[in-house]
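Count residues from 1 along the sequence. Only heavy atoms go into these numbers, but all of them, side chains included; no hydrogens, no water, no symmetry mates.
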Amino acid sequence: MRLGLALGYWGRGPSPDHVSLAQEAERLGYDSVWTAESWGSDVFTPLTWIAARTSTIKLGTAVAQMAARSPTTTAMHALTLDHLSGGRMLLGLGLSGPQVVEGWYGRPFPKSPLTATREYVDVVRQVLRREAPVVLDGRFHSHPYGGADGTGLGKPLKSITHPLRPGLPILLGAEGPKNVAQTARIADGWLPLYWSPTRPDVYGPALQQLPPGFLVAPMTRVQVCDDVAGGLLPVKAMLGFYIGGMGHAARNFHADLMARMGYEEEARRIQELFLAGRREEAVRAVPDAFADEISLVGPRERIAERLESWRKGPVTDLLALSPDRESLRVLAELNS
C-alpha cells in the first residue's frame with residue numbers, strides 16, 4: 001500500500017506549511033501529494049507551486065470539480081502540469097453536488113450524473129490520446145458545440161501540444177454503488193469518501209471485480225496522539241460540515257453515504273442541527289465510532305494495529321490528511 005499526503009483546499013488563505021509538508025512527505029518516501037478545491041482556492045495552482053519545489057512525488061487532484069471547467073480545459077491543465085513536472089500528474093475528478101454546482105458555478109446540475117461523468121472522461125481521454133480531433137455527440141459535453149444558440153461554426157480540434165503521457169491516470173470521486181461501478185469501468189482509479197475497511201460492501205459489488213492496476217485511494221485523517229477523543233475532533237468537525245452543510249436537506253450525497261454505512265438516524269440529526277444554525281451541536285452529534293472507523297488516530301501502537309485492516313482490503317494508496325510531520329513519519333515507518 002502506497003502512501004499519499006492529502007492537503008485539501010485553503011481556508012481563509014494559503015497555508016504556509018503545504019510546500020514544506022509536501023517536501024517532507026517526498027523525503028519520507030510518500031508516493032503522492034494531493035490538493036483539492038471547493039469554492040475558494042483552485043486545485044491546480046497550488047499543485048503547480050508544489051511541483052516546482054519537489055522532484056519525484058506524484059501530483060494529484062482530489063478532486064478537480066467538473067463543473068468548474070469544460071473537459072477540454074481540464075485536459076489542458078493536466079497535460080500542462082504533466083509536462084512541467086516530468087510526468088507526475090494524477091487527475092482526480094469529481095462531480096460535486098447541486099448546491100455547489102448551481103450555487104457557485106452557476107450551472108445546472110446534470111439530471112443524469114453518470115452520463116455527464118462518462119462524457120467528461122471521454123473528452124479528456126480524447127484530448128490526452130491526441131489520435132484525432134475531439135468529437136462527441138453527447139448530451140452534456142458535445143464537441144463541437146451544436147446547441148441552437150451556437151453559430152454552427154465550431155470545428156473539431158486536436159491539441160496543439162502533444163501530451164507527455166496519453167495514458168495519464170484519471171481517478172474519479174464516486175459515492176453511490178452505480179457511480180462506483182461506472183468508475184471501475186471508465187477510470188484508472190477511485191477516490192472513496194469516508195472509507196471504512198470494515199464496510200467495503202457499502203460501495204456495491206464493483207470492488208470485487210476491479211481491473212488490474214486500478215487505484216483505490218481513500219483520504220483519511222492520520223494523527224499520532226495520546227488523546228483519541230481529542231484527535232477525532234477535527235474529523236467530527238469535517239463530518240459535521242460535509243454532512244450538515246455540503247448539500248441540500250433533500251439531496252446530500254455525503255449524508256446518504258453515512259446513512260448507508262449504518263448511521264442513518266445520526267446523519268439526519270446532523271443535517272437538522274447544522275441547517276438550523278446549531279453547528280457546534282451538529283459536530284457533537286457526529287458519533288465518535290463513525291469518525292474513528294474512517295480515521296487512523298491515537299497512539300502509535302493503536303494506529304499500527306488498525307493499519308493492518310487497511311492493508312487487507314482493496315486500498316492501493318492511503319492518502320493521509322495529517323497535521324504534522326511526526327504523524328507523517330510514524331505512518332511511513334509503520335507502512336514500511
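Here Thr115 pairs with Ser112, Arg118 under the side-chain hydrogen bond (donor to acceptor under 3.5 Å, both in side chains) rule; sequence neighbours left out. With sequence neighbours left out, the ring-ring contact (aromatic ring centres under 6.0 Å, His included) criterion links His143 to no other residue. Residues satisfying the ring-ring contact (aromatic ring centres under 6.0 Å, His included) criterion with Phe214, sequence neighbours excluded, are absent altogether. Under the side-chain contact (heavy atoms from CB on, under 4.5 Å) criterion, Val286 pairs with Lys236, Leu239, Ile270, sequence neighbours left out.
With rounding to the nearest 0.5 angstrom, the CG atom of Leu207 is 10.0 Å from the CD atom of Gln209. Put simply, CD on Glu131 and NZ on Lys158 are 9.5 Å apart, with the number rounded to the nearest 0.5 Å. Here the straight-line distance linking atom CG of Leu328 with atom CG of Leu3 works out to 9.0 Å at 0.5 Å rounding. Within the model, atoms CD of Glu265 and CE of Met258 stand 10.5 Å from one another, a figure rounded to the nearest 0.5 Å.
Without hydrogens or angle criteria, Asp31 side chain to Gly4 main chain gives no donor-acceptor distance under 3.5 Å. Distance alone, capped at 3.5 Å, places no donor-acceptor pair between the Arg53 side chain and the Ala22 backbone. A distance-only check finds a donor-acceptor pair linking the side chain of Glu26 to the backbone of Thr56 [under 3.5 Å]. Side chain of Glu37 to backbone of Val43: a donor-acceptor contact under 3.5 angstrom is found. Side chain of His83 to main chain of His162: a donor-acceptor pair is present (N/O by atom type, distance under 3.5 Å, no hydrogens or angles). Within the 3.5 Å criterion, the main-chain N or O of Gly138 finds no donor-acceptor partner in the side chain of Glu119. Remark: side-chain polar atoms of Thr61 are paired, donor with acceptor, to backbone N or O of Gly92 under 3.5 angstrom. The backbone N or O of Val297 lies less than 3.5 Å from no partner atom in the side chain of Ser295, so there is not a single donor-acceptor pair. With hydrogens and angles ignored, the 3.5 Å screen pairs no side-chain donor or acceptor of Ser196 with any backbone N or O of Ile294. The main-chain N or O of Met89 is found under 3.5 Å from a side-chain atom of Arg165 such that the two form a donor-acceptor pair.
Listed by first and then second residue, the side chain to side chain donor-acceptor pair (under 3.5 Å) pairs involving residues 315-327 are Arg2-Asp317, Ser20-Arg325, Asp324-Ser327, Glu326-Arg329 (not counting sequence neighbours). The stretch residues 46-80 participates, sequence neighbours left out, in these ring pair (Phe, Tyr, Trp, His ring centres under 6.0 Å) pairs: Phe44-His77.
We find that Arg268 and Asp256 are joined by a salt bridge, their nearest charged nitrogen and carboxylate oxygen being less than 4.0 Å apart. Using a 4.0 Å cut-off between charged side-chain N and carboxylate O, Arg269 and Glu266 make no salt bridge.
The aromatic rings of Tyr263 and Phe290 sit tilted relative to each other, their planes meeting at an angle between 30° and 60°.
Contact check for Val33 versus Thr54: no side-chain heavy atoms found under the 4.5 Å cut-off. By the 4.5 Å heavy-atom criterion applied to side chains, Arg199 and Glu293 are counted as neighbours. Using a 4.5 Å heavy-atom cutoff, the side chains of Leu334 and Ile303 are in contact. Contact annotation: the side chain of Tyr105 approaches that of Val100 to within less than 4.5 Å [non-hydrogen atoms, C-beta and beyond].
Note: the hydrophobic cluster containing Trp39 also contains Phe109 (ILVMFWY, side chain heavy atoms under 4.5 Å, direct or indirect links). Criterion: ILVMFWY side-chain heavy atoms under 4.5 Å apart, direct or through other members. Under it, Trp310 and Tyr203 are part of a common hydrophobic cluster. Leu210 and Met1 end up in the same hydrophobic cluster when Ile, Leu, Val, Met, Phe, Trp and Tyr side chains are linked at under 4.5 Å.
The shortest heavy-atom contact between Asp201 and Thr198 is OD1-O, 4.5 Å. Across Thr74 and Arg69, no two heavy atoms sit closer than the pair OG1-CB, 3.5 Å.
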